[in-house]
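What follows is a single structure, written as C-alpha cells, with notes after it.
Here is how names work: the chains are called A, B, and so on, in the same order as the sequence lines, proteins then strands, and each is numbered from 1.
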Amino acid sequence: MARYEPKTAEPRQQARWAAADAFRTPTEGTGKPKYYVLEMFPYPSGNIHMGHARNYVMGDVVARSRRAQGFDVLHPMGWDAFGLPAENAAIERGIHPGDWTWSNIAAMRDQLKLLGLSLDWSREFATCDPAYYGKQQAWFLELFKRGLVYRKDSIVNWDPVDNTVLANEQVVDGRGWRSGAIVEKRKLNQWFLRITDYADDLIDGLKELEGRWPDKVRLMQENWIGRSKGLQMTWAWAGQAPAAAPDGLEIYTTRPDTLFGASFMGIAADHPVARALAETNPDAAAFIAECRKGGSTQAEIEQAEKIGFDTGLKVLHPFDGREVSVWIANFILSEYGTGAIFGCPAHDQRDLDFARKYDLPVIPVVRPEGAGDDFAVANEAYTGPGALFHSDFMDGMEIEPAKAAAIARIEAAGQGEGATIYRLRDWGVSRQRYWGCPIPVIHCPSCGAVPADQLPVELPRDVTFDVPGNPLDRHPTWKHVKCPSCHGDATRETDTLDTFVDSSWYFARFTDPTAADPIAKAAADKWLPVDQYIGGVEHAVLHLLYARFISRALSDAGLMSVKEPFAGLFTQGMVVHETYRRADGAWVEPTDVELSNDGGRRSARQLSTGEALTIGDIEKMSKSKKNVVAPQEIVDTYGVDAGRLFVLSDSPPERDVQWTSGGVEGASRFVQRVWAEVDGFDPAAAGDESANASLVRETHKAIKAVSEGITGFRFNSAIAKLYAFVATVRDHGAAGGDARRQALSALARLVAPFTPHLAEECWTRLGEEGMILDAPWPVYDPALAADDEVTLPIQVNGKRRGEIRVARGLEPAAVEAIVLADPEVQARLEGLTVKKIVVVKDRIVNVVVG
RNA sequence: GCGAGCGUGGCGAAACUGGUAGACGCAAGGGACUUAAAAUCCCUCGACUUCGGUCAUGCGGGUUCGAUCCCCGCCGCUCGCACCA
C-alpha cells in the first residue's frame, strides 16, 4: 500500500482542473440556481499570509460544497490595488508604484494558486487598472450629476511633513503615523459623497439582514450611523443679538422634557458665536485656544476637565422667559447637532460636572417613583425613568409623553421642530495622493467644476516622489487641460479617491468584469446579491457600510438593481501563533525554534544559536513579532490539503485559530488515513451482513453531520465528524462490498470541500469516472441513518444511574414498565416511593423519588 | 463611561431548539514493532475516592423531574464606540 504523496498528487490535480477550465463560471442558462461566494479581496502587499489563506479556504469550502449541491457558483478573485504602501515603496526604494503593485500581484497570484482554490481566474481584475477605475469614474460622474457628490471646506488632519491629509486611523497620539510629525488641523476644500442621505435606509436595511449577518456587525453599523430623535430649536437672545447668530441660538436636544431644568447654554469653541466673540475679546480668544490645545487621544479626552467661559450673552427660556447665560464649553462638539446645547445639570452627567465647577443652578425636573418635591441630585445626574415636576404643563407626565408635549409646544410657537439627527457624516473621499483613482473633474475658472469628458482619466506614469506632496500637483502637463464646456484653459482635479471607493462596488463588477458599462445589468441582476461574503471583522463598519451605501446610490441611479449587496456575511477570526523571544529582546521566527516538552513543562531553544528562548504571548501573526508561518512552507512540508484542513479544524471559524506544528501534523495524519482506507479497498470482499448494515447507518449519519456543519459554518465540527467517520470506516473492517464502496464514496465527497486534491485522488482510485468536482453531494437518507435500538440513560432524581437499550420510538408507557422492571433500578429504589417518572422518547428517563 | 460577546480538562475545543458534560484534535504517560531512532499501531488521560461512589462547565442564588444552555446578582477577559447633548 502506497503512502499518499501530496507533492505529486496536488500539482497533478491542479493541472487537471486547469486543463478542464473547471472553475470558469457557467454563463449560459443551465437551469441551476446561482450562488455567489466572495471573500474580501486582498491588498497586494506581496505575500499571501495564513490569515488570507484561512479566509479563502473558508470561501472555497462554501464554493465547492455549493457546486456539489447543484448551484452555478460565482467565485472570483481580484486585487484592491490602490493605496499608500505603493507610494511608500516608491519613496523608499525608487520603484514606480504601478510596477511595485503589479509585481506584487503576480507574486501573490502564484502563491494563491498553490492553495487549490476553486476560483474563476478569468474574471480577475485589479482596481488600479484603468479598465476598472475608468468605470468607477463613470459612475462617480453619474452620482455627481445626481447631486450625491459635492465639495465643501472641511477640517482635516494634515501632516506637515508628508504634505498630505491623514485619515483618523493614521493619526497616532496626535502624530502622523509615518512622519511622526505633530498633526495639524487644516481647512481644505474636499469632495464628499452624500452617505447621510441614506442614513435611515442603511439602518432600516440592517433589520432584513438579521440572522444572515453577525449581530455584532449590525449593531456596530447602527451605532456608527447613530440615529437619535429629539428637538432642534432656537432660543431668542435677551438683549442685543450677536451678529454671528442674529436669529437666536440654535440647539439640539434629545431631552426636551427637561427644558425646565435648563441652567446654562453651552456652545462649542468652534461655534460661529464663539469665534466672532474671540475677535473682539482676547480672553475668549485665549480660552478657545486652550480648548483647541486639548489632546485628541482617548486617555486625554477621558481625563479632560470640563472648562467653560462665560460669554456674558444671555438667551430667554422658551417657556418661563427667564434669562439663561451662554457659555463656551470644551465638551461641546462642533460637528454634532448644532454645536450648541442647553445644559440640564440635574439629568446629564456632563452638564452636572460643569455646573458644579462653575456653581450654576441644578434644577431637577424628573423624579423617580416615590421621590418627593425635595428630590435633589448630588454629584450624580438622574437619568432614569420617572415623572416630571417643577415643569408647569408637563408636571406629572412620564418622560416620553413629556418629550412629545414639549416638542408640540415649541413647534406651535414656531421656535423649532422635532428632528432626527445622525452621528454619521458625509464621506470625505479626497486624498492628496498619486496612487489612487483620479477624481474625473476639471476646474474651469468660468464654468466651475465640470465633469471630465474623456474617460478614463488615467494616471500619468512619469511622476517622481523625491519631493513630499502629491506628484499629480506638480506634474508639468497632466493637469493642464481645456474646459470641456467652454474650451478655455482649465485644470484637472489632482486629488484621488479614497481606496474605500474602489472596494465599494467591485463585487458588482465581478459579475461581468469586461462590460462597457460600469455594471452590466443583466449579469448583475443574475448574480447579485453576493450570497455569502467572508472577511475580517475589521471591516465591520467602513467597507461594509460604504458598499451598502454605494449599492443603494447606484441602484437609485439605475446602474444596478440590488440595494443590499451582501445577503450573507461571515466574519472570520485571525490566525495567531506563539511568540518566541531571546534574552536580548529579539524576536525569533518559528522555523528557528526547537520546542521541547518535559512532562508538561514546555521550553524553547533557538536552533541557530542554541540559546534558550522565552515563550511569549499568542498573537496575530505579524512580521514585527516574527511569529509568521508562510503558506508556502506548509505546502512544501505537509501539502496544501493538510494546511487547508488545519486552519479550519481547530477552532470555530469566527474565532482565532492558533497555528501549531502539532496541529498541522494531525491534519496530515488524517489525510494519510483517508487515503489508506480508500487505497486498501477491495471490491471483491463482500463483507459481513450486520457490519454492512451498521456501516451504511454510520455513513448516513456522517453525511448529515458534515453537511449541516458546512452549511452552518461550523467547519471545525464538520471536520471532527470526518475524523470520527474515518475511524468508524476503519473499525468496520468486517464490512465490505457495496456498503464499503458507498462509505468511501461518501467520504471522498465529504472531504472534497476541505481537501480537494486528496478527494480527486480517492475518486479516481475508487474507479469513478471524471472529477469529483462534478460529482453530486451525497444525499442523507434519514431512514438509513436511524438505529433500530437506542440507549436510554436512566436518571434517579436527575443523576445518571444506569442505562437500558430499547427499540427506537418505544412509547413512554412501555419504557416506564421496562425501567421499573429492571432489577438494578429496583435495587436502587428499595424503600423509596416513586413520585413520578419522566420519559422523553428516545432520549432519557428520569425517575423522581421521595 | 456606554454597548456587545465570551469564561468548559494540561491546551484548542464539542454538546442540535433544557435531556448520558468533555466528541474530535494537540500535548503527556504506558505498550507493540525496530539493533536504534523516525514513522505507524494499541492502551490510558477532569478531580477526589474507603472503588460503592462523590464533586465538577468563572462565583453566588433561582426556575425545572432535569441547567454548560433559561432568569437574577457578582467576578474576570476580549472587542467596538467614546464628552454624540
Side-chain angles (χ1 to χ4, degrees), chain A residues 3 214-224 226-228 230-231 251-255 258 266 294 298 301-304 306 329-333 335-344 347-351 353-354 421-424 537-538 540-541 595 597-602 618 645-646 649-652 654-667 669-670 672-673 676 704-705 708-709 712 714 716-727 791-803 835-849:
Chain A
R3 236 183 102 76
D215 291 347
K216 179 185 170 162
V217 174
R218 291 187 303 122
L219 190 68
M220 279 165 72
Q221 292 214 351
E222 197 176 327
N223 292 340
W224 186 266
R227 175 161 65 188
S228 51
L231 168 67
I251 60 108
Y252 177 78
T253 179
T254 55
R255 290 298 300 271
T258 64
Q298 292 178 5
I301 287 171
E302 220 166 277
Q303 286 158 17
K306 302 210 169 11
N330 67 336
F331 65 94
I332 315 290
L333 302 172
E335 321 89 69
Y336 186 75
T338 61
I341 60 147
F342 84 85
C344 179
H347 304 293
D348 183 289
Q349 192 59 45
R350 295 155 301 177
D351 297 350
D353 294 345
F354 189 76
I421 67 162
Y422 304 89
R423 203 189 80 111
L424 181 71
V537 73
E538 65 273 18
V541 176
L595 292 166
N597 194 321
D598 178 22
R601 288 237 324 265
R602 301 180 63 235
I618 297 160
L645 198 60
F646 176 64
S649 70
D650 232 27
S651 287
E654 67 276 13
R655 228 180 284 178
D656 292 350
V657 65
Q658 188 190 346
W659 185 273
T660 60
S661 54
V664 72
E665 280 162 21
R669 278 193 285 270
F670 170 78
Q672 293 298 339
R673 279 201 295 268
K704 177 176 160 63
E708 288 175 356
R714 293 186 303 270
N716 55 327
S717 297
I719 292 169
K721 293 292 183 211
L722 285 168
Y723 277 58
F725 183 47
V726 174
T791 304
L792 292 187
I794 300 170
Q795 295 182 333
V796 176
N797 281 350
K799 297 214 159 125
R800 188 179 181 279
R801 292 303 179 200
E803 59 183 42
K835 283 177 154 176
K836 184 175 171 187
I837 298 183
V838 180
V839 180
V840 182
K841 196 196 263 184
D842 295 342
R843 268 263 141 86
I844 202 161
V845 180
N846 191 6
V847 183
V848 187
V849 295

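- Closest to the side chain of A/V848, out of B/C65, B/A15, B/A27, is B/C65.
- Here the nucleotide nearest the side chain of A/R669, chosen from B/C26, B/C24, B/G53, is B/C26.
- The gap from the P atom of B/G19 to that of B/G66 amounts to 15 Å, rounded to the nearest Å.
- A/Q795 comes within contact range of at least one nucleobase, with a heavy-atom separation under 4.0 Å.
- Counting only heavy atoms from C-beta outward, the side chains of A/I618 and A/D656 never approach each other to under 4.5 Å.
- One P atom belongs to B/C48, the other to B/A13, and the distance between them is 25 Å to the nearest Å.
- With a 3.5 Å ceiling on both atom-pair distances, the Watson-Crick or G-U wobble partner of B/C41 is B/G31.
- Nucleotide B/G12 is matched to B/C24 when pairs are restricted to Watson-Crick or G-U wobble geometry with both distances under 3.5 angstrom.
- Checking the phosphate oxygens (OP1, OP2) of B/A14, a side-chain nitrogen or oxygen of A/N716 falls inside 4.0 Å.
- Of the side-chain N and O atoms in A/R655, one or more sit less than 4.0 angstrom from OP1 or OP2 of B/A13.
- Taking the P atoms as reference points, B/G73 lies 31 Å from B/G10, given to the whole Å.
- For the pair A/I719 CD1 and B/G12 C1', the computed distance is 13 Å after rounding to whole Å.
- For A/P652, whose side chain is taken as the heavy atoms from C-beta onward, the closest listed nucleotide among B/A85, B/A13, B/G80 is B/A13.
- The side chain of A/R423 places no N or O atom within less than 4.0 Å of a non-bridging phosphate oxygen (OP1 or OP2) of B/A85.
- Nearest nucleotide to the side chain of A/S651, out of B/G12, B/G80, B/A85: B/G12.
- Between the P atom of B/G12 and the CG atom of A/D650 lies a distance of 10 Å, rounded to the nearest Å.
- Atom name C1', nucleotides B/U44 and B/G9: the rounded distance is 15 Å, in whole Å.
- Which of B/A85, B/C41, B/G19 sits closest to the side chain of A/R673 comes down to B/C41.
- Listed nucleotides: B/C65, B/U20, B/C83. Nearest to the side chain of A/T791: B/U20.
- Atom NZ of A/K836 is separated from atom P of B/G66 by 9 Å (rounded to the nearest Å).
- One can place CZ of A/R714 at 7 Å from C1' of B/C16, the figure rounded to the nearest angstrom.
- Nearest heavy atoms, A/R423 versus A/W224: NH2-CE3, 2.9 Å.
- A gap of 37 Å separates the P atoms of B/G80 and B/A56, to the nearest Å.
- A/L722 places a side-chain heavy atom less than 4.5 Å from the side chain of A/F670.
- Side-chain contact between A/Y336 and A/I421 is present, with heavy atoms from C-beta onward closer than 4.5 Å.
- Residue contacts for A/I251: at a heavy-atom cut-off of 4.0 Å it reaches no nucleic acid atom on any strand shown.
- B/G9 takes the syn form, because its glycosidic angle lies no more than 90° either side of 0.
- For A/R801, the listed nucleotide lying nearest its side chain is B/U54; candidates were B/U54, B/A23, B/G25.
- A/G666 comes within 4.0 angstrom of sugar-phosphate atoms only, judged by non-hydrogen atoms across all strands, and of no base.
- For the C1' atoms, the distance linking B/C45 with B/A28 amounts to 8 Å, nearest Å.
- Within 4.0 Å (heavy atoms only), A/L219 reaches sugar-phosphate atoms of the nucleic acid but no base atom.
- In this structure, the side chains of A/I719 and A/F646 stay at 4.5 Å or more apart for every pair of heavy atoms.
- Nucleic acid contact for A/G337: none, since no nucleic acid atom lies under 4.0 Å from a heavy atom of the residue.
- Looking at every heavy atom in both residues, A/E708 comes nearest to A/R714 through O-NH2, 3.6 Å.
- Atom CG in A/N223 sits roughly 18 Å away from atom P in B/C79 (whole-Å rounding).
- B/A4 and B/C74 have their P atoms separated by 15 Å, given to the nearest Å.
- B/A85 is unpaired under the criterion used here, namely a Watson-Crick or G-U wobble arrangement in which both key atom distances are under 3.5 Å.
- Listed pair A/Y252 / B/A85 fails the phosphate criterion, with no side-chain N or O lying under 4.0 Å from OP1 or OP2.
- Among the nucleotides B/A85, B/A15, B/G19, the one closest to any side-chain atom of A/T254 is B/A85.
- Under the Watson-Crick and G-U wobble criteria, each requiring two contacts below 3.5 Å, nucleotide B/C65 is paired to B/G19.
- Across all strands shown, B/C74 forms a Watson-Crick or G-U wobble pair, both distances under 3.5 Å, with B/G58.
- Nearest-nucleotide mapping onto RNA chain B: of A/S649 and A/G339, the residue sitting toward the 5' end is A/S649.
- Take the nearest nucleotide of RNA chain B for A/S717 and for A/F331: the residue whose nucleotide is more 5' is A/S717.
- A/D656 places its CG atom 18 Å from the P atom of B/G5, with the value rounded to the nearest Å.
- Contacts of A/T253 with the nucleic acid, taken as non-hydrogen atoms under 4.0 Å apart, involve only primed sugar atoms and P, OP1 or OP2.
- Listed here is the closest heavy atom pair of A/Q221 and A/A540: NE2-O, 2.9 Å.
- Between A/F646 atom CZ and B/C24 atom C1' there is a gap of 13 Å when expressed in whole angstrom units.
- The side chain of A/K799 places an N or O atom within less than 4.0 Å of a non-bridging phosphate oxygen (OP1 or OP2) of B/C55.
- Looking at A/D215 and A/R218, their side chains come closer than 4.5 Å, going by heavy atoms from C-beta outward.
- The closest side-chain heavy-atom distance from A/V848 to A/N797 is below 4.5 Å.
- Summarising the geometry, the separation between CH2 on A/W224 and C1' on B/A4 is reported as 17 Å, rounded to the nearest angstrom.
- Atom P of B/C26 sits at a distance of 22 Å from the matching atom of B/A32, rounded to the whole Å.
- A/T660 comes within contact range of no nucleotide atom at all, as no heavy-atom separation falls under 4.0 Å.
- Shown here, B/C48 forms a base pair with B/G53; the pair counts as Watson-Crick or G-U wobble because both key distances fall under 3.5 Å.
- Residue A/K216 places none of its side-chain N or O atoms closer than 4.0 Å to OP1 or OP2 of B/G5.
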